[in-house]
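Every number for a ligand or one of its atoms is a count from 1 in the order of the listing.
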Amino acid sequence: MARPRSQFVCQNCGSVTGRWAGRCEACGEWNTLVEENAGSGIGAAPAARTARRGTPVKLVPLSGEIEEAPRVACGIGELDRVTGGGFVRGSAVLIGGDPGIGKSTLLTQAAAALARKGHRVVYVSGEEAVAQIRLRARRLDAVEPLVGLAAETSVENVVATLEAGPPPALVIIDSIQTMWTELADSAPGTVTQVRASAQALIRYAKKTGSSAVLVGHVTKEGQIAGPRVVEHMVDAVLYFEGEGGHHFRILRTVKNRFGPTDEIGVFEMSDAGLREVANPSELFLSDRNASAPGAAVFAAIEGTRPVLVEIQALVAPSALATPRRAVVGWDNARLSMVLAVLEARCGVRLGAHDVYLNVAGGYRIAEPAADMAVAAALVSSLAGRALSPDSVFFGEVSLSGAARPVAHAGQRLKEAEKLGFARARIPKGCLDGQKTGLAVTEFSDLAELVAAIAGGG
Ligand code: TYD
Ligand code: MG
């Protein structure tokens, strides 16, 4: 009899080795290799080795007619925006996020919203008991008879339950890490189990036209544990994120086969669940202290929508041999670059100063367009001069110190105007003949902006 062969699967990246090691050679993570049985389940060798002759499939021209993907919009505007206009029938979506961020809350509300529009929804929880989920639903005012509820962890049972009735519009699996299938004989939560469970549920969705939403927990490194391997199996990956001390949450698209990937939805966690925030700028600017030096308002673009956020800088003389540079909400390397450009091209001496940079409200900026706003905040703090509170900034800075135009200038300015700002300081060439109600000062060089701020202009 053949000896049962075991293999070691990295729980972070899913790579398989025949030998245990302390560190995964593929992704470099420590202590992530777990022994799993290779004799059965997904990834095992086929039982019968006699190859079947394939049947030819019909090739179609690339230029053929296309149909718009049929969608089910739930009516929660911020969620529909992020999915690209609603859940696509027959697709699978992975929603990742820290424990306690509000994934179950969001999905309970989405389920109720869909049920109110007459769609059937099935909510399968592997984490909470039925009574707990009902209690939450009552609190959220989401008690809807069209939502079928089950506390179950066996994928075979879930699929059998789903197949017993008409296919629901939406199947919510909370969470994929708690599901296990008999097809794979490793422990629940391991990569093999997660992958096999997800495969079974995605197969059901594709076959019947239901949309499946899989919830995945995120590790402290910010990666969906185990479900990393699920990311390429699903059609869309959304992340639900937020800062511990703040009550707002951002739902972000990371991957979407049926829509844009740079959208965000903004919610506020209240005692009656998640509330949509239709105008995030007002939220991020709500507790501004405009008269203090070191604060600059940046007009950002997230996907298709403009968002205004405050960037706060503190530049203080350092007692350390190597001054501190700390940044929250922006890229560390990008800050170093702006500091270097300020030193080398604009004559701003920061070598003996600690620099702290914070994006207000726990928001995260990914755009290089924040360079000018960051530079303005830094210079304002160093000079001890507050920027005029009705100014917004945006623009990229190149290593030569030149101010480079960025996209969507019109939208950024329109949002600023809507929120009562009167001035904009932006790179030359952004406007491109567009009209705006703001008083626009254009700069071709970062040094000009620095001179304007330090000179009190
Ligand atoms: P939950 O949806 O259970 O998080 P996840 O499923 O991502 O683990 O959300 C739990 C948190 O949300 C918890 O800290 C309490 C808070 N919360 C509210 O503030 N208001 C509410 O109405 C609800 C239902 C939860
Ligand atoms: Mg939950």
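Close approach to S270 involves these atoms of ligand 1, each under 4.0 Å from a residue heavy atom: 18 (C), 19 (O), 20 (N), 21 (C), 22 (O). Taking a cut-off of under 4.0 Å to the non-hydrogen atoms of G102, the atoms of ligand 1 that pass are 1 (P), 2 (O), 4 (O), 5 (P), 7 (O), 9 (O). Heavy-atom contacts of M269 reach the following atoms of ligand 1: 12 (O), 16 (C), 17 (N), 18 (C), 19 (O), 20 (N) (cutoff under 4.0 Å).
In terms of protein heavy-atom proximity, atom 25 (C) of ligand 1 is closest to T105 OG1, 3.9 Å. From the protein, the heavy atom lying nearest to atom 14 (O) of ligand 1 is G100 O, 4.1 Å. In terms of protein heavy-atom proximity, atom 6 (O) of ligand 1 is nearest to S104 OG, 2.6 Å. The nearest heavy-atom contact from the protein to atom 23 (C) of ligand 1 is R139 NH2, 3.7 Å. For atom 3 (O) of ligand 1, the closest non-hydrogen atom of the protein is R136 NH2, 3.3 Å.
Classification of R81 and E78 as a salt-bridged pair holds, one side-chain N sitting under 4.0 Å from a carboxylate O. A salt bridge links R334 with D371; the closest basic N to acidic carboxylate O contact falls under 4.0 Å. The pair R412-E367 meets the salt-bridge criterion, since a charged nitrogen lies less than 4.0 angstrom from a carboxylate oxygen. Between E128 and R136, at least one side-chain N (NZ, or NE/NH1/NH2) sits under 4.0 Å from a carboxylate O, which counts as a salt bridge. R252 and E302 are joined by a salt bridge, as a carboxylate oxygen and a charged side-chain nitrogen come within less than 4.0 angstrom of each other.
By the neighbour-count criterion of 12 heavy atoms within 6.0 Å, atom CG of N332 is densely surrounded, having more than that number from other residues, nucleotides or ligands. The local environment of NZ in K206 is crowded, with over 12 non-hydrogen atoms from other residues, nucleotides or ligands closer than 6.0 Å. Other residues, nucleotides and ligands contribute more than 12 heavy atoms inside 6.0 Å of the CZ atom of R116.
The N/O atoms of D174, backbone and side chain alike, include none that comes under 3.5 Å of an N/O atom in ligand 1. Not one N or O of E128 is nearer than 3.5 Å to an N or O of ligand 1, by distance alone. Looking at ligand 1, you'll find an N or O of K103 within less than 3.5 Å of one of its N or O atoms.
Annotation: side chain of C74 is in contact with side chain of L79 (closest heavy-atom distance under 4.5 Å).
Between G273 and ligand 1 there is a heavy-atom distance shorter than 4.0 Å. Not a single heavy atom of S175 lies less than 4.0 angstrom from ligand 1.
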Give the C-alpha distance, both sets of side-chain angles, the deciding distance and a yes or no for side chain to side chain contact (heavy atoms under 4.5 Å, CB included) between R195 and V230.
CA-CA 6 Å; R195 186 156 44 189; V230 178; 5.5 Å; no
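Residue contacts with ligand 1 for D271 involve N, CA, C or O but no side-chain atom from C-beta outward (heavy atoms, distance under 4.0 Å). In P99, the part holding a heavy atom less than 4.0 Å from any atom of ligand 1 is the backbone.
At a threshold of 2.8 Å, the Mg ion (ligand 2) has no backbone or side-chain N, O or S atom of S125 nearer than that distance.
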